[in-house]
Amino acid sequence: MAGLELLSDQGYRLDGRKATELRKLQARMGVFTQADGSAYLEQGNTKALAVVYGPHEMRGSRSRTLHDRAVINCQYSMATFSTAERKRRPHGDRKSTEMSLHLKQTFEAAVMTQLYPRSQIDIYVKILQSDGGNYSVCVNAATLAVIDAGIPMRDYVCACTVGFVDETPLADLCYAEESGGVSSLALALLPRGGQIALLQMDARLHQDHLETLIEAAMTACKGVSKVLDEVVRQHLQEASVLTGE
Amino acid sequence: MARVQVSEAEKVYILHGIRDDLRVDGRGCEDYRHMEIETDVVSNTDGSAKVTLGHTAVLVGVKAEIGKPRPTVPTEGYLEFFVDCSANATPEFEGRGGEELGTELSNTLYKVFNNKRSIDLKSLCICAGEHCWVLYVDVLLLQCDGNLYDAISVAIKAALFNTKIPKVHISSDDEGGKEIELSDDPYDCMRLNVENVPCIVTLCKVGHRHVVDATLQEKACSVASLIISVTHKGTITCMRKVGGGSLDPESIFEMTEAGKRVGKALHAPLMKLLEQEESLGKKRQKVGFLG
(Lines give C-alpha, C1' and ligand atoms only; values in the text may rest on other atoms or scores of the structure.)
Protein backbone atom coordinates (compact mmCIF):
# COMPACT_ATOMS: atom_id res chain seq x y z
CA MET A 1 0.00 0.00 0.00
CA ALA A 2 1.53 3.26 -1.08
CA GLY A 3 1.83 6.08 1.41
CA LEU A 4 1.96 3.83 4.45
CA GLU A 5 5.61 4.09 5.33
CA LEU A 6 6.56 6.92 3.00
CA LEU A 7 5.65 9.55 5.57
CA SER A 8 5.57 8.56 9.23
CA ASP A 9 3.28 10.13 11.81
CA GLN A 10 6.07 12.29 13.16
CA GLY A 11 6.63 13.65 9.67
CA TYR A 12 9.76 11.70 8.76
CA ARG A 13 10.34 10.05 5.39
CA LEU A 14 12.08 6.77 4.58
CA ASP A 15 15.55 8.28 4.75
CA GLY A 16 14.84 10.42 7.79
CA ARG A 17 14.16 13.68 5.96
CA LYS A 18 11.28 16.01 6.62
CA ALA A 19 8.69 16.58 3.92
CA THR A 20 10.22 19.77 2.48
CA GLU A 21 13.86 18.81 2.99
CA LEU A 22 16.12 18.35 -0.03
CA ARG A 23 18.84 15.71 -0.25
CA LYS A 24 22.47 16.68 0.28
CA LEU A 25 23.71 18.44 -2.83
CA GLN A 26 27.41 18.44 -3.70
CA ALA A 27 28.78 19.63 -6.99
CA ARG A 28 32.00 20.45 -8.76
CA MET A 29 32.58 22.34 -12.00
CA GLY A 30 35.42 21.91 -14.46
CA VAL A 31 35.87 18.17 -13.90
CA PHE A 32 37.22 17.45 -17.40
CA THR A 33 39.69 19.64 -19.21
CA GLN A 34 39.09 18.44 -22.76
CA ALA A 35 35.43 19.45 -22.91
CA ASP A 36 34.38 23.08 -23.15
CA GLY A 37 32.37 22.82 -19.95
CA SER A 38 31.79 20.02 -17.48
CA ALA A 39 30.23 19.47 -14.07
CA TYR A 40 29.60 16.66 -11.62
CA LEU A 41 26.64 16.79 -9.28
CA GLU A 42 25.48 14.51 -6.48
CA GLN A 43 22.05 14.78 -4.95
CA GLY A 44 21.82 12.16 -2.23
CA ASN A 45 22.74 8.90 -3.96
CA THR A 46 22.01 10.07 -7.49
CA LYS A 47 25.19 11.08 -9.31
CA ALA A 48 25.32 12.75 -12.72
CA LEU A 49 28.07 14.00 -14.97
CA ALA A 50 27.31 16.70 -17.53
CA VAL A 51 29.57 17.78 -20.37
CA VAL A 52 29.07 20.65 -22.82
CA TYR A 53 30.74 21.08 -26.20
CA GLY A 54 30.18 24.29 -28.05
CA PRO A 55 29.10 26.54 -29.44
CA HIS A 56 30.66 25.08 -32.59
CA GLU A 57 29.85 24.61 -36.24
CA MET A 58 26.92 22.36 -37.07
CA ARG A 59 28.04 18.76 -37.16
CA GLY A 60 26.24 16.17 -39.22
CA SER A 61 23.10 17.40 -40.94
CA ARG A 62 23.74 20.94 -42.13
CA SER A 63 20.10 21.19 -43.09
CA ARG A 64 19.11 21.51 -39.45
CA THR A 65 21.02 24.78 -39.08
CA LEU A 66 18.91 27.66 -37.84
CA HIS A 67 19.73 31.02 -39.38
CA ASP A 68 18.94 33.11 -36.32
CA ARG A 69 19.92 30.99 -33.33
CA ALA A 70 21.94 28.03 -32.13
CA VAL A 71 20.68 24.46 -32.13
CA ILE A 72 20.84 22.73 -28.76
CA ASN A 73 21.54 19.00 -28.96
CA CYS A 74 21.14 16.92 -25.82
CA GLN A 75 21.83 13.31 -25.05
CA TYR A 76 20.80 11.62 -21.84
CA SER A 77 22.34 8.25 -21.06
CA MET A 78 22.74 6.06 -18.02
CA ALA A 79 25.75 3.97 -17.14
CA THR A 80 24.90 0.27 -17.35
CA PHE A 81 25.85 -0.15 -13.69
CA SER A 82 23.86 2.85 -12.49
CA THR A 83 20.64 1.06 -11.57
CA ALA A 84 20.13 -1.75 -9.07
CA GLU A 85 19.46 -4.16 -11.93
CA ARG A 86 22.00 -3.91 -14.72
CA LYS A 87 20.82 -1.93 -17.72
CA ARG A 88 21.55 -3.53 -21.08
CA ARG A 89 21.78 -0.43 -23.25
CA PRO A 90 23.13 2.89 -22.01
CA HIS A 91 20.98 4.94 -24.37
CA GLY A 92 18.78 4.57 -27.41
CA ASP A 93 15.75 3.24 -25.60
CA ARG A 94 12.52 5.22 -25.50
CA LYS A 95 12.94 6.61 -22.03
CA SER A 96 16.40 8.01 -22.75
CA THR A 97 15.21 9.61 -25.99
CA GLU A 98 12.30 11.20 -24.17
CA MET A 99 14.60 12.54 -21.46
CA SER A 100 16.96 13.95 -24.10
CA LEU A 101 14.05 15.83 -25.68
CA HIS A 102 12.98 17.19 -22.30
CA LEU A 103 16.49 18.41 -21.58
CA LYS A 104 16.60 20.08 -25.00
CA GLN A 105 13.32 21.81 -24.34
CA THR A 106 14.46 22.97 -20.90
CA PHE A 107 17.72 24.45 -22.09
CA GLU A 108 16.25 26.12 -25.15
CA ALA A 109 14.24 28.21 -22.71
CA ALA A 110 17.27 29.31 -20.72
CA VAL A 111 20.29 29.53 -23.03
CA MET A 112 20.57 32.74 -25.06
CA THR A 113 20.73 31.00 -28.38
CA GLN A 114 20.18 34.17 -30.45
CA LEU A 115 23.80 35.10 -29.77
CA TYR A 116 25.11 32.13 -31.77
CA PRO A 117 23.25 31.79 -35.09
CA ARG A 118 24.07 28.84 -37.37
CA SER A 119 25.92 26.95 -34.64
CA GLN A 120 25.35 24.00 -32.32
CA ILE A 121 25.67 23.48 -28.60
CA ASP A 122 25.98 19.85 -27.38
CA ILE A 123 24.94 18.91 -23.85
CA TYR A 124 25.68 15.33 -22.81
CA VAL A 125 24.53 14.04 -19.45
CA LYS A 126 25.50 10.70 -17.97
CA ILE A 127 23.91 9.20 -14.88
CA LEU A 128 26.54 7.29 -12.89
CA GLN A 129 24.25 6.20 -10.09
CA SER A 130 20.49 6.35 -10.11
CA ASP A 131 18.46 6.82 -6.96
CA GLY A 132 15.44 8.81 -8.06
CA GLY A 133 15.05 12.32 -9.43
CA ASN A 134 17.16 11.54 -12.51
CA TYR A 135 15.73 14.35 -14.61
CA SER A 136 16.23 16.99 -11.89
CA VAL A 137 19.80 15.97 -11.17
CA CYS A 138 20.57 16.06 -14.91
CA VAL A 139 19.18 19.55 -15.30
CA ASN A 140 21.10 20.85 -12.30
CA ALA A 141 24.35 19.26 -13.49
CA ALA A 142 23.83 20.53 -17.03
CA THR A 143 23.24 24.10 -15.75
CA LEU A 144 26.61 24.05 -14.03
CA ALA A 145 28.27 22.59 -17.12
CA VAL A 146 26.79 25.28 -19.38
CA ILE A 147 28.00 27.97 -16.96
CA ASP A 148 31.44 26.32 -16.91
CA ALA A 149 31.50 26.47 -20.71
CA GLY A 150 30.89 30.20 -20.56
CA ILE A 151 27.67 30.09 -22.57
CA PRO A 152 25.35 32.93 -21.51
CA MET A 153 22.04 31.94 -19.95
CA ARG A 154 19.06 33.99 -18.85
CA ASP A 155 19.10 32.45 -15.38
CA TYR A 156 20.06 29.26 -13.56
CA VAL A 157 17.84 26.32 -14.44
CA CYS A 158 16.98 24.40 -11.30
CA ALA A 159 14.83 21.32 -11.23
CA CYS A 160 13.20 19.22 -8.57
CA THR A 161 10.88 16.24 -8.44
CA VAL A 162 8.08 16.45 -5.87
CA GLY A 163 5.47 13.95 -4.82
CA PHE A 164 2.17 14.04 -2.99
CA VAL A 165 1.52 11.72 -0.06
CA ASP A 166 -1.10 12.05 2.71
CA GLU A 167 -2.05 15.60 1.74
CA THR A 168 1.62 16.63 2.07
CA PRO A 169 3.96 17.48 -0.78
CA LEU A 170 7.36 15.72 -0.49
CA ALA A 171 10.30 17.52 -2.05
CA ASP A 172 13.13 15.74 -3.90
CA LEU A 173 11.96 12.15 -4.20
CA CYS A 174 14.32 9.22 -3.96
CA TYR A 175 13.88 5.98 -5.91
CA ALA A 176 11.96 4.15 -3.17
CA GLU A 177 9.46 7.00 -3.00
CA GLU A 178 9.13 7.33 -6.79
CA SER A 179 8.43 3.65 -7.28
CA GLY A 180 6.11 3.51 -4.28
CA GLY A 181 3.19 4.73 -6.35
CA VAL A 182 3.41 8.39 -5.40
CA SER A 183 2.07 10.96 -7.87
CA SER A 184 5.24 12.76 -8.84
CA LEU A 185 5.76 16.04 -10.61
CA ALA A 186 9.02 17.22 -12.18
CA LEU A 187 9.54 20.95 -12.50
CA ALA A 188 12.35 22.97 -14.06
CA LEU A 189 12.39 26.58 -12.95
CA LEU A 190 14.26 29.80 -13.77
CA PRO A 191 14.30 31.05 -10.17
CA ARG A 192 14.75 34.79 -10.49
CA GLY A 193 11.73 35.43 -12.65
CA GLY A 194 9.79 32.42 -11.38
CA GLN A 195 9.41 31.15 -14.96
CA ILE A 196 8.73 27.46 -15.48
CA ALA A 197 10.81 25.86 -18.23
CA LEU A 198 9.38 22.35 -17.98
CA LEU A 199 6.51 20.81 -16.05
CA GLN A 200 5.79 17.12 -16.19
CA MET A 201 3.44 14.93 -14.25
CA ASP A 202 2.18 11.50 -15.21
CA ALA A 203 0.08 10.19 -12.38
CA ARG A 204 -3.33 10.85 -10.95
CA LEU A 205 -3.70 13.94 -8.82
CA HIS A 206 -6.77 15.85 -7.72
CA GLN A 207 -7.01 19.30 -9.27
CA ASP A 208 -7.20 21.01 -5.87
CA HIS A 209 -3.80 19.68 -4.90
CA LEU A 210 -2.06 20.82 -8.07
CA GLU A 211 -1.40 24.36 -6.94
CA THR A 212 0.09 23.27 -3.59
CA LEU A 213 2.31 20.79 -5.37
CA ILE A 214 3.60 23.35 -7.87
CA GLU A 215 4.24 25.82 -5.04
CA ALA A 216 6.23 23.20 -3.13
CA ALA A 217 8.21 22.38 -6.27
CA MET A 218 9.03 26.04 -6.86
CA THR A 219 10.23 26.49 -3.28
CA ALA A 220 12.41 23.40 -3.59
CA CYS A 221 13.87 24.68 -6.86
CA LYS A 222 14.70 28.02 -5.28
CA GLY A 223 16.54 26.10 -2.55
CA VAL A 224 18.52 24.23 -5.19
CA SER A 225 19.36 27.50 -6.96
CA LYS A 226 20.94 28.87 -3.78
CA VAL A 227 23.26 25.85 -3.57
CA LEU A 228 24.16 26.03 -7.26
CA ASP A 229 24.90 29.75 -6.96
CA GLU A 230 27.22 29.01 -4.05
CA VAL A 231 29.05 26.35 -6.07
CA VAL A 232 29.54 28.71 -9.02
CA ARG A 233 30.88 31.51 -6.84
CA GLN A 234 33.23 29.11 -5.07
CA HIS A 235 34.53 27.84 -8.40
CA LEU A 236 35.04 31.37 -9.68
CA GLN A 237 36.93 32.30 -6.55
CA GLU A 238 39.22 29.28 -6.91
CA ALA A 239 39.83 30.05 -10.57
CA SER A 240 40.66 33.69 -9.88
CA VAL A 241 43.08 32.69 -7.13
CA LEU A 242 44.85 30.37 -9.56
CA THR A 243 45.18 33.06 -12.23
CA GLY A 244 46.52 35.39 -9.57
CA GLU A 245 43.92 38.12 -9.55
CA MET B 1 39.01 7.70 -31.19
CA ALA B 2 39.29 11.45 -30.82
CA ARG B 3 41.50 12.76 -33.58
CA VAL B 4 44.22 15.31 -33.17
CA GLN B 5 45.81 17.07 -36.10
CA VAL B 6 49.56 17.28 -36.07
CA SER B 7 51.54 19.33 -38.56
CA GLU B 8 54.62 18.02 -40.37
CA ALA B 9 56.96 20.17 -38.32
CA GLU B 10 55.45 18.87 -35.07
CA LYS B 11 55.79 15.29 -36.31
CA VAL B 12 59.47 15.77 -37.06
CA TYR B 13 59.99 17.37 -33.65
CA ILE B 14 58.30 14.49 -31.84
CA LEU B 15 60.20 11.92 -33.92
CA HIS B 16 63.58 13.47 -33.21
CA GLY B 17 62.79 13.80 -29.53
CA ILE B 18 61.80 10.14 -29.21
CA ARG B 19 64.92 9.12 -31.07
CA ASP B 20 66.88 10.74 -28.22
CA ASP B 21 64.63 9.21 -25.51
CA LEU B 22 63.02 12.55 -24.70
CA ARG B 23 59.31 13.00 -25.26
CA VAL B 24 57.41 16.26 -25.51
CA ASP B 25 56.35 16.24 -21.84
CA GLY B 26 59.83 15.25 -20.63
CA ARG B 27 59.13 11.55 -20.08
CA GLY B 28 61.41 8.72 -21.16
CA CYS B 29 60.22 6.21 -23.73
CA GLU B 30 59.04 3.72 -21.12
CA ASP B 31 57.49 6.06 -18.57
CA TYR B 32 53.82 6.33 -17.76
CA ARG B 33 51.96 9.55 -17.13
CA HIS B 34 50.60 10.44 -13.72
CA MET B 35 48.02 7.80 -12.78
CA GLU B 36 45.29 8.18 -10.16
CA ILE B 37 43.24 5.21 -9.01
CA GLU B 38 40.28 5.15 -6.66
CA THR B 39 38.01 2.22 -5.88
CA ASP B 40 34.46 2.00 -4.57
CA VAL B 41 33.27 5.10 -6.37
CA VAL B 42 29.76 3.91 -7.30
CA SER B 43 27.96 2.41 -4.34
CA ASN B 44 25.27 0.28 -5.95
CA THR B 45 27.74 -1.89 -7.83
CA ASP B 46 29.53 -4.87 -6.34
CA GLY B 47 32.90 -3.31 -7.19
CA SER B 48 34.00 -0.17 -8.98
CA ALA B 49 37.13 1.78 -9.79
CA LYS B 50 38.02 5.07 -11.41
CA VAL B 51 41.37 5.54 -13.15
CA THR B 52 42.80 8.78 -14.53
CA LEU B 53 45.91 8.40 -16.70
CA GLY B 54 47.01 11.85 -17.77
CA HIS B 55 43.79 13.20 -19.31
CA THR B 56 42.26 9.78 -20.02
CA ALA B 57 39.51 8.99 -17.49
CA VAL B 58 37.87 5.57 -17.19
CA LEU B 59 35.20 4.31 -14.78
CA VAL B 60 34.60 0.56 -14.32
CA GLY B 61 31.65 -0.99 -12.50
CA VAL B 62 31.34 -4.71 -11.73
CA LYS B 63 27.97 -6.25 -11.04
CA ALA B 64 27.58 -9.89 -10.02
CA GLU B 65 24.41 -11.69 -11.03
CA ILE B 66 23.30 -15.30 -10.77
CA GLY B 67 23.00 -17.02 -14.12
CA LYS B 68 23.27 -20.34 -15.87
CA PRO B 69 26.81 -21.58 -16.61
CA ARG B 70 27.98 -22.20 -20.15
CA PRO B 71 27.16 -25.77 -21.31
CA THR B 72 30.79 -26.55 -22.24
CA VAL B 73 32.08 -25.62 -18.76
CA PRO B 74 29.34 -26.33 -16.23
CA THR B 75 31.59 -25.92 -13.19
CA GLU B 76 32.70 -22.38 -13.93
CA GLY B 77 31.20 -18.91 -13.87
CA TYR B 78 32.16 -16.31 -16.46
CA LEU B 79 32.86 -12.64 -17.11
CA GLU B 80 31.02 -10.40 -19.56
CA PHE B 81 32.65 -7.20 -20.77
CA PHE B 82 30.91 -4.13 -22.12
CA VAL B 83 32.69 -0.92 -23.07
CA ASP B 84 30.62 2.23 -23.38
CA CYS B 85 32.36 5.04 -25.26
CA SER B 86 30.23 7.86 -23.98
CA ALA B 87 29.62 11.14 -25.74
CA ASN B 88 31.36 12.85 -22.80
CA ALA B 89 34.70 11.92 -24.32
CA THR B 90 34.06 13.46 -27.72
CA PRO B 91 30.92 14.51 -29.65
CA GLU B 92 31.74 11.92 -32.33
CA PHE B 93 30.64 9.22 -29.88
CA GLU B 94 27.09 10.53 -29.74
CA GLY B 95 24.31 8.07 -30.50
CA ARG B 96 25.88 5.03 -32.16
CA GLY B 97 29.17 6.71 -32.99
CA GLY B 98 31.04 5.11 -30.13
CA GLU B 99 29.83 1.58 -30.80
CA GLU B 100 32.62 0.61 -33.17
CA LEU B 101 35.39 1.53 -30.77
CA GLY B 102 33.45 0.02 -27.87
CA THR B 103 33.07 -3.33 -29.61
CA GLU B 104 36.75 -3.40 -30.54
CA LEU B 105 37.77 -2.69 -26.93
CA SER B 106 35.44 -5.29 -25.45
CA ASN B 107 36.50 -7.96 -27.95
CA THR B 108 40.13 -7.39 -26.98
CA LEU B 109 39.19 -7.67 -23.30
CA TYR B 110 37.49 -11.01 -23.94
CA LYS B 111 40.67 -12.27 -25.60
CA VAL B 112 42.86 -11.02 -22.75
CA PHE B 113 40.81 -12.83 -20.10
CA ASN B 114 40.22 -15.94 -22.16
CA ASN B 115 42.54 -18.22 -20.21
CA LYS B 116 42.31 -20.42 -17.14
CA ARG B 117 44.58 -18.51 -14.82
CA SER B 118 43.53 -14.84 -14.89
CA ILE B 119 40.47 -15.23 -12.72
CA ASP B 120 39.57 -18.37 -10.79
CA LEU B 121 36.29 -19.07 -12.56
CA LYS B 122 35.65 -22.20 -10.51
CA SER B 123 35.15 -20.06 -7.42
CA LEU B 124 32.25 -18.39 -9.23
CA CYS B 125 30.34 -21.67 -9.45
CA ILE B 126 27.37 -22.07 -7.11
CA CYS B 127 25.76 -25.28 -8.31
CA ALA B 128 27.41 -27.21 -11.14
CA GLY B 129 25.39 -27.03 -14.32
CA GLU B 130 22.61 -24.93 -12.82
CA HIS B 131 23.74 -21.73 -11.15
CA CYS B 132 26.88 -19.67 -11.28
CA TRP B 133 27.99 -16.10 -10.76
CA VAL B 134 28.23 -13.99 -13.88
CA LEU B 135 30.41 -10.90 -13.44
CA TYR B 136 29.32 -8.06 -15.71
CA VAL B 137 32.31 -5.75 -16.08
CA ASP B 138 31.11 -2.44 -17.52
CA VAL B 139 33.69 0.07 -18.65
CA LEU B 140 32.70 3.69 -19.11
CA LEU B 141 35.03 5.91 -21.09
CA LEU B 142 34.81 9.48 -19.85
CA GLN B 143 37.75 11.25 -21.43
CA CYS B 144 40.01 10.13 -24.24
CA ASP B 145 43.64 11.16 -24.34
CA GLY B 146 45.34 8.14 -25.83
CA ASN B 147 46.29 4.82 -24.27
CA LEU B 148 42.82 3.53 -23.55
CA TYR B 149 43.79 -0.13 -23.19
CA ASP B 150 46.24 0.47 -20.36
CA ALA B 151 43.86 2.64 -18.37
CA ILE B 152 40.99 0.18 -18.88
CA SER B 153 43.02 -2.84 -17.79
CA VAL B 154 44.28 -1.13 -14.63
CA ALA B 155 40.74 -0.03 -13.82
CA ILE B 156 39.41 -3.56 -14.35
CA LYS B 157 42.06 -5.00 -12.08
CA ALA B 158 41.24 -2.44 -9.38
CA ALA B 159 37.50 -2.97 -9.74
CA LEU B 160 37.81 -6.77 -9.54
CA PHE B 161 39.98 -6.35 -6.44
CA ASN B 162 37.23 -4.20 -4.94
CA THR B 163 34.42 -6.61 -5.89
CA LYS B 164 32.51 -8.14 -3.01
CA ILE B 165 30.33 -11.09 -4.04
CA PRO B 166 27.73 -12.11 -1.43
CA LYS B 167 28.03 -15.61 -0.04
CA VAL B 168 25.34 -18.06 -1.13
CA HIS B 169 23.64 -20.83 0.83
CA ILE B 170 21.94 -23.56 -1.16
CA SER B 171 19.11 -25.41 0.48
CA SER B 172 16.77 -27.93 -1.08
CA ASP B 173 13.07 -27.29 -0.68
CA ASP B 174 10.26 -29.85 -0.42
CA GLU B 175 9.95 -30.76 -4.10
CA GLY B 176 13.64 -31.55 -4.41
CA GLY B 177 14.44 -28.29 -6.19
CA LYS B 178 17.26 -26.01 -5.07
CA GLU B 179 16.68 -22.74 -3.32
CA ILE B 180 19.35 -20.08 -3.27
CA GLU B 181 19.68 -17.72 -0.36
CA LEU B 182 21.98 -14.76 -0.37
CA SER B 183 23.34 -13.77 2.98
CA ASP B 184 21.95 -10.48 4.28
CA ASP B 185 25.10 -9.37 6.01
CA PRO B 186 26.95 -6.94 3.70
CA TYR B 187 30.29 -7.99 5.19
CA ASP B 188 29.73 -11.69 4.59
CA CYS B 189 31.15 -11.78 1.09
CA MET B 190 33.65 -13.47 -1.14
CA ARG B 191 36.58 -11.57 -2.64
CA LEU B 192 38.37 -12.37 -5.88
CA ASN B 193 42.04 -13.16 -6.17
CA VAL B 194 43.31 -10.68 -8.74
CA GLU B 195 47.00 -11.57 -8.59
CA ASN B 196 46.99 -13.16 -12.01
CA VAL B 197 44.83 -10.55 -13.72
CA PRO B 198 46.90 -9.17 -16.59
CA CYS B 199 47.59 -5.55 -17.37
CA ILE B 200 47.65 -4.34 -20.94
CA VAL B 201 50.63 -2.38 -22.23
CA THR B 202 50.36 -0.51 -25.52
CA LEU B 203 53.59 0.17 -27.37
CA CYS B 204 53.53 2.57 -30.30
CA LYS B 205 56.19 2.48 -32.94
CA VAL B 206 57.41 6.01 -33.61
CA GLY B 207 60.28 6.21 -36.07
CA HIS B 208 62.69 3.45 -35.08
CA ARG B 209 61.83 3.40 -31.40
CA HIS B 210 58.77 2.44 -29.45
CA VAL B 211 57.00 4.40 -26.71
CA VAL B 212 54.78 3.32 -23.86
CA ASP B 213 51.68 5.33 -22.94
CA ALA B 214 51.48 7.46 -26.06
CA THR B 215 49.46 10.67 -26.05
CA LEU B 216 47.19 11.48 -28.95
CA GLN B 217 49.91 13.58 -30.63
CA GLU B 218 52.42 10.73 -30.45
CA LYS B 219 49.81 8.30 -31.72
CA ALA B 220 49.30 10.52 -34.75
CA CYS B 221 53.01 10.19 -35.52
CA SER B 222 53.14 6.42 -35.15
CA VAL B 223 52.39 3.93 -37.89
CA ALA B 224 51.54 0.87 -35.83
CA SER B 225 51.14 -0.25 -32.22
CA LEU B 226 51.44 -3.47 -30.35
CA ILE B 227 49.05 -4.35 -27.54
CA ILE B 228 50.38 -6.89 -25.05
CA SER B 229 48.68 -8.14 -21.92
CA VAL B 230 51.16 -9.18 -19.26
CA THR B 231 50.62 -10.86 -15.90
CA HIS B 232 52.68 -10.16 -12.79
CA LYS B 233 54.98 -13.07 -13.57
CA GLY B 234 55.73 -11.74 -17.04
CA THR B 235 53.51 -14.20 -18.90
CA ILE B 236 51.76 -12.89 -21.98
CA THR B 237 48.08 -13.73 -22.33
CA CYS B 238 47.26 -11.85 -25.51
CA MET B 239 49.17 -9.96 -28.16
CA ARG B 240 47.78 -7.88 -30.98
CA LYS B 241 49.10 -5.52 -33.58
CA VAL B 242 46.88 -2.58 -34.44
CA GLY B 243 47.23 0.26 -36.86
CA GLY B 244 47.60 0.64 -40.57
CA GLY B 245 51.37 0.41 -40.82
CA SER B 246 53.55 -2.67 -40.90
CA LEU B 247 56.13 -3.86 -38.43
CA ASP B 248 59.18 -6.00 -39.08
CA PRO B 249 59.74 -9.10 -36.94
CA GLU B 250 62.79 -7.77 -35.06
CA SER B 251 60.91 -4.74 -33.80
CA ILE B 252 57.98 -6.92 -32.74
CA PHE B 253 60.37 -9.05 -30.71
CA GLU B 254 62.00 -5.96 -29.22
CA MET B 255 58.66 -4.40 -28.37
CA THR B 256 57.45 -7.64 -26.79
CA GLU B 257 60.47 -7.71 -24.49
CA ALA B 258 59.96 -4.08 -23.55
CA GLY B 259 56.25 -4.69 -22.99
CA LYS B 260 56.96 -7.62 -20.68
CA ARG B 261 59.42 -5.54 -18.70
CA VAL B 262 57.09 -2.57 -18.34
CA GLY B 263 54.01 -4.70 -17.65
CA LYS B 264 55.74 -6.74 -14.98
CA ALA B 265 56.85 -3.55 -13.22
CA LEU B 266 53.30 -2.22 -13.20
CA HIS B 267 51.74 -4.94 -11.06
CA ALA B 268 53.65 -4.71 -7.77
CA PRO B 269 53.03 -0.99 -7.07
CA LEU B 270 49.40 -1.37 -8.18
CA MET B 271 48.69 -4.22 -5.76
CA LYS B 272 50.48 -2.38 -2.96
CA LEU B 273 48.36 0.72 -3.59
CA LEU B 274 45.12 -1.25 -3.69
CA GLU B 275 45.93 -3.06 -0.46
CA GLN B 276 46.87 0.22 1.17
CA GLU B 277 43.57 1.78 0.12
CA GLU B 278 41.70 -1.26 1.39
CA SER B 279 43.46 -1.14 4.77
CA LEU B 280 42.18 2.40 5.36
CA GLY B 281 38.73 0.83 5.60
CA LYS B 282 35.99 3.10 6.86
CA LYS B 283 38.33 5.99 7.60
CA ARG B 284 39.00 6.51 3.91
CA GLN B 285 37.57 9.74 2.59
CA LYS B 286 35.85 9.05 -0.68
CA VAL B 287 36.74 11.68 -3.23
CA GLY B 288 35.33 10.46 -6.52
CA PHE B 289 34.86 13.39 -8.91
CA LEU B 290 34.54 15.97 -6.15
CA GLY B 291 38.24 16.26 -5.40
Side-chain angles (χ1 to χ4, degrees), chain A residues 26-36 38-42 44-54 56-57 59-60 73-92 96-97 100 120-131 141 145 175 231, chain B residues 2 4 41-50 52 54-57 59-65 67 80-99 102 106 134-146 159 163 215-216 286-291:
Chain A
Q26 289 177 295
R28 184 155 167 258
M29 292 165 67
V31 183
F32 296 130
T33 44
Q34 284 192 327
D36 292 322
S38 57
Y40 170 77
L41 192 133
E42 268 183 36
N45 279 332
T46 306
K47 302 179 179 157
L49 205 54
V51 165
V52 171
Y53 285 97
H56 57 75
E57 201 185 339
R59 224 186 51 249
N73 175 36
C74 293
Q75 183 180 276
Y76 165 91
S77 75
M78 297 176 75
T80 41
F81 46 75
S82 59
T83 46
E85 231 185 70
R86 185 177 174 261
K87 225 178 165 297
R88 286 198 174 274
R89 292 182 67 188
H91 53 260
S96 305
T97 328
S100 310
Q120 180 179 342
I121 298 174
D122 296 314
I123 303 177
Y124 301 123
V125 192
K126 190 104 192 158
I127 296 263
L128 299 177
Q129 200 174 313
S130 165
D131 186 33
Y175 182 72
V231 170
Chain B
V4 144
V41 188
V42 180
S43 48
N44 63 356
T45 52
D46 296 304
S48 60
K50 171 178 166 276
T52 321
H55 283 304
T56 304
L59 181 62
V60 172
V62 178
K63 270 180 138 31
E65 282 180 22
E80 289 274 352
F81 293 97
F82 176 70
V83 179
D84 179 15
C85 297
S86 70
N88 288 30
T90 159
E92 280 136 23
F93 290 161
E94 190 190 339
R96 306 193 71 160
E99 258 178 49
S106 47
V134 181
L135 292 180
Y136 288 99
V137 180
D138 296 315
V139 180
L140 179 58
L141 213 60
L142 294 169
Q143 239 196 149
C144 231
D145 190 27
T163 306
T215 60
L216 284 176
K286 293 205 183 156
V287 171
F289 291 93
L290 290 168

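Order of the sequence lines fixes the chain letters, A, B, ..., with proteins taken first and strands second; residue numbering starts at 1 for each chain.
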Short question: side chain of B:Thr45, backbone of B:Lys63 - any donor-acceptor pair under 3.5 Å?
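Pair absent, no side-chain N/O of B:Thr45 close to backbone of B:Lys63.
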
Are the side chain of A:Thr80 and the backbone N or O of A:Arg86 linked by a donor-acceptor pair below 3.5 Å?
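Checking the backbone N and O of A:Arg86 against the side chain of A:Thr80, no donor-acceptor pair under 3.5 Å is found.
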
Side chain / backbone / both / neither for [X] at chain B, heavy atoms under 4.5 Å:
X	result
A:Ser100	neither
A:Gln26	both
A:Tyr53	side chain
A:Thr83	backbone

Non-hydrogen atoms of chain A under 4.5 Å away: do they reach the side chain of [X], the backbone, both or neither?
X	result
B:Ala87	both
B:Asp84	side chain
B:Val41	backbone

How would you list, by chain and number, every residue that makes a side chain to side chain contact (heavy atoms under 4.5 Å, CB included) with A:Ala50, sequence neighbours excluded?
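Counting only residues at least two positions away or on another chain, A:Ala50 forms a side chain to side chain contact (heavy atoms under 4.5 Å, CB included) with A:Val125, A:Ala141, A:Ala142, A:Ala145.
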
Of all residues at least two apart in sequence or in a different chain, which pass the side chain to side chain contact (heavy atoms under 4.5 Å, CB included) check with A:Tyr175?
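Result, side chain to side chain contact (heavy atoms under 4.5 Å, CB included) vs A:Tyr175: A:Asp131, A:Ser179.
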
What are the two closest non-hydrogen atoms of B:Gln143 and B:His55, and how far apart are they?
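The answer is NE2-O, 2.9 Å.
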
Check the pair B:Glu65, B:Tyr136 against side-chain hydrogen bond (donor to acceptor under 3.5 Å, both in side chains), reporting the backbone distance first and the verdict last.
CA-CA 8 Å; B:Glu65 282 180 22; B:Tyr136 288 99; 4.6 Å; no

I'd like to verify something: which residue of A:Asn45, A:Leu49, A:Val52, A:Leu41 has the highest number of heavy-atom pairs under 4.5 Å with chain B?
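Looking at each of A:Asn45, A:Leu49, A:Val52, A:Leu41 in turn, A:Leu49 comes out on top.
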
